[in-house]
Amino acid sequence: MNVLKHVAVIADGNGRWAERRGLERSAGHEQGLNKVEDMMHWCVDLRIPTLSVYCFSWENWARPKAEVDSLFAMANHYFERWPEFAENNIRVVISGTRQRVPAESLAKMDTIQRETAHCTGLTLNLCCNYSGRMEIADAVARGARTEEEITAALYQDLPEPDLIVRTGGYQRLSNFLLWQSAYAELYFTETLFPDLSLGEFKHAIKRYETTARKHGGVV
């Protein structure tokens with residue numbers, strides 16, 4: 001059985017979840033944050049050491065300004081809760097470029113990462129203002145040329161994702177962890193992110209655990 005060390009999630013469908021209920025899209029994003037909380041508990045209980053969540057892509061700047069401002073306001077409140085993360089032994093790291101991010105958000109990002117750096121439980125990697133292509137380009141700009149050098153120059157020193165789950169019905173990576181996902185197993189679901197259940201999450205894990213992982217060889 002395959003051992004699962006890192007689950008990455010493309011948390012898609014928050015806005016559609018709200019629209020289908022006649023709510024503002026911000027209500028869907030708030031429910032999405034609540035689902036991230038659920039997934040953290042699931043990973044701790046299932047002894048999965050690393051969880052990455054695609055929260056805000058570089059391309060998301062194309063959304064209406066009001067929606068973007070609301071997202072960063074929610075993020076600021078989330079980052080302010082760093083004492084809870086520290087108390088629960090959860091290390092928070094943030095992957096992405098700092099370009100265009102409001103100064104207040106940058107300061108809060110730095111605080112939660114600094115104050116949880118000592119934690120040894122779950123690692124929560126929040127991919128905020130993130131672009132997989134940009135991450136690779138940044139590594140090359142810093143002089144990385146070989147596979148080993150590029151891997152060492154990525155935003156975070158984390159194990160590569162074993163399983164990538166995408167909610168919301170689309171079957172694409174959308175510029176997420178492009179370098180790291182070379183051999184990741186992919187699980188796509190029509191379920192919108194706020195509706196993702198523990199049962200379906202376990203189903204995705206079961207599929208991963210029973211899949212032959214050949215990496216180009218023969219089992």
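When atom types are taken as modelled, the side chain of R166 and the backbone of R172 share a donor-acceptor pair closer than 3.5 angstrom. Listed for the S105 side chain is no donor-acceptor partner under 3.5 Å among the backbone atoms of V101. Between the R91 side chain and the L124 main chain, no donor and acceptor come within less than 3.5 Å of each other. Side-chain atoms of D110 do not come within 3.5 Å of backbone N or O of A107 as any donor-acceptor pair. With hydrogens and angles disregarded, a donor-acceptor distance shorter than 3.5 Å links the side chain of S197 to the backbone of E200. Under a 3.5 Å cut-off, the side chain of R25 and the backbone N or O of N14 do not form any donor-acceptor pair. With hydrogens and angles ignored, the 3.5 Å screen pairs a side-chain donor or acceptor of N89 with a backbone N or O of T120. With hydrogens and angles ignored, the 3.5 Å screen pairs a side-chain donor or acceptor of N175 with a backbone N or O of G132. Proximity of a side-chain donor or acceptor of E19 to a complementary backbone N or O of E24 within less than 3.5 Å is not detected. The closest donor-acceptor contact from the side chain of T151 to the backbone of E147 lies under 3.5 Å.
No side-chain heavy atom of L51 sits under 4.5 Å from any side-chain heavy atom of N125. A 4.5 Å side-chain heavy-atom check between L198 and D38 finds every atom pair outside the cut-off. Side-chain contact between L196 and M39 is present, with heavy atoms from C-beta onward closer than 4.5 Å. A 4.5 Å side-chain heavy-atom check between E160 and K5 finds every atom pair outside the cut-off. Within the 4.5 Å cutoff, the side chain of F79 has no heavy atoms near those of the V92 side chain. At least one side-chain heavy atom of H203 sits less than 4.5 Å from a side-chain heavy atom of Y187. When side chains are defined from C-beta on, P49 does not count as touching H6, because their heavy atoms never get closer than 4.5 Å. By the 4.5 Å heavy-atom criterion applied to side chains, N2 and D162 are not counted as neighbours.
Residue-environment remark: CZ (R81) exceeds the threshold of 12 foreign heavy atoms within 6.0 Å. Around atom CZ of R47, no more than 12 heavy atoms belonging to other residues, nucleotides or ligands sit under 6.0 Å away. Within a 6.0 Å sphere centred on CD of E115, heavy atoms belonging to other residues, nucleotides or ligands number more than 12. For D157, the CG atom counts as loosely surrounded, since its 6.0 Å shell holds 12 or fewer non-hydrogen atoms of other residues, nucleotides or ligands.
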Can F72 and W61 be said to form a ring-ring contact (aromatic ring centres under 6.0 Å, His included), step by step? CA-CA 11 Å; F72 275 101; W61 288 106; 5.5 Å; yes
Can R207 and E185 be said to form a salt bridge (charged side-chain N to carboxylate O under 4.0 Å, His left out), step by step? CA-CA 9 Å; R207 279 186 49 182; E185 299 297 325; over 6 Å; no
Show the numbers, then the answer: is there a side-chain contact (heavy atoms from CB on, under 4.5 Å) between M74 and S26? CA-CA 9 Å; M74 288 183 195; S26 60; 3.7 Å; yes
Y155 and D138: CA distance, side-chain angles, deciding distance, side chain to side chain donor-acceptor pair (under 3.5 Å) verdict: CA-CA 9 Å; Y155 292 148; D138 286 347; 2.7 Å; yes
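A continuous path of hydrophobic side-chain contacts links I150 to M134 [ILVMFWY only; heavy atoms under 4.5 Å]. Linking ILVMFWY residues whenever their side-chain heavy atoms come closer than 4.5 Å, directly or via other members, places V53 and L71 in the same cluster. Residues V165 and L178 share a single hydrophobic cluster, defined by chaining ILVMFWY side chains whose heavy atoms lie under 4.5 Å apart. Tracing side-chain contacts under 4.5 Å through hydrophobic residues (I, L, V, M, F, W, Y), one never reaches L158 starting from I90; they form parts of separate clusters.
For the atom pair CD1 (I10) and CD (Q171), the distance works out to 11.5 Å, reported to the nearest 0.5 Å. For the atom pair OG of S181 and CG of L163, the computed distance is 12.0 Å after rounding to the nearest 0.5 Å. Atom CG in D12 sits 11.0 Å away from atom OG1 in T189 (nearest 0.5 Å). Rounding to the nearest 0.5 Å places CG of L106 at 11.5 Å from NZ of K108. Remark: H29 NE2 to N34 CG distance equals 13.5 Å, nearest 0.5 Å. Interatomic distance, CD of E135 versus CG of L177, reported as 7.0 Å (0.5 Å rounding).
The shortest heavy-atom contact between Y208 and V3 is OH-O, 3.3 Å. Between P194 and G28, the shortest heavy-atom distance links the atoms CG-O, 4.1 Å. Closest of all the heavy-atom pairs between A153 and A139 is CB-CB, 3.7 Å. Contact record, F85 with M40: CE2-CE, 3.4 Å, taken as the closest heavy-atom pair.
Using a cut-off of 4.0 Å between Lys/Arg side-chain N and Asp/Glu carboxylate O, E67 and R63 are scored as salt-bridged.
Grouped by direct or indirect side-chain proximity (heavy atoms under 4.5 Å, Ile/Leu/Val/Met/Phe/Trp/Tyr only), L192 sits with W17, L23.
Exactly one residue among V36, L126, V9, N129 makes a side chain to side chain contact (heavy atoms under 4.5 Å, CB included) with C55. That residue is L126. When the options R21, K35, R16 are evaluated for a salt bridge (Lys or Arg N to Asp or Glu O under 4.0 Å) with D195, the one that passes is R21. The only member of Y54, Y170, W58, F56 that meets ring pair (Phe, Tyr, Trp, His ring centres under 6.0 Å) when paired with F176 is Y54.
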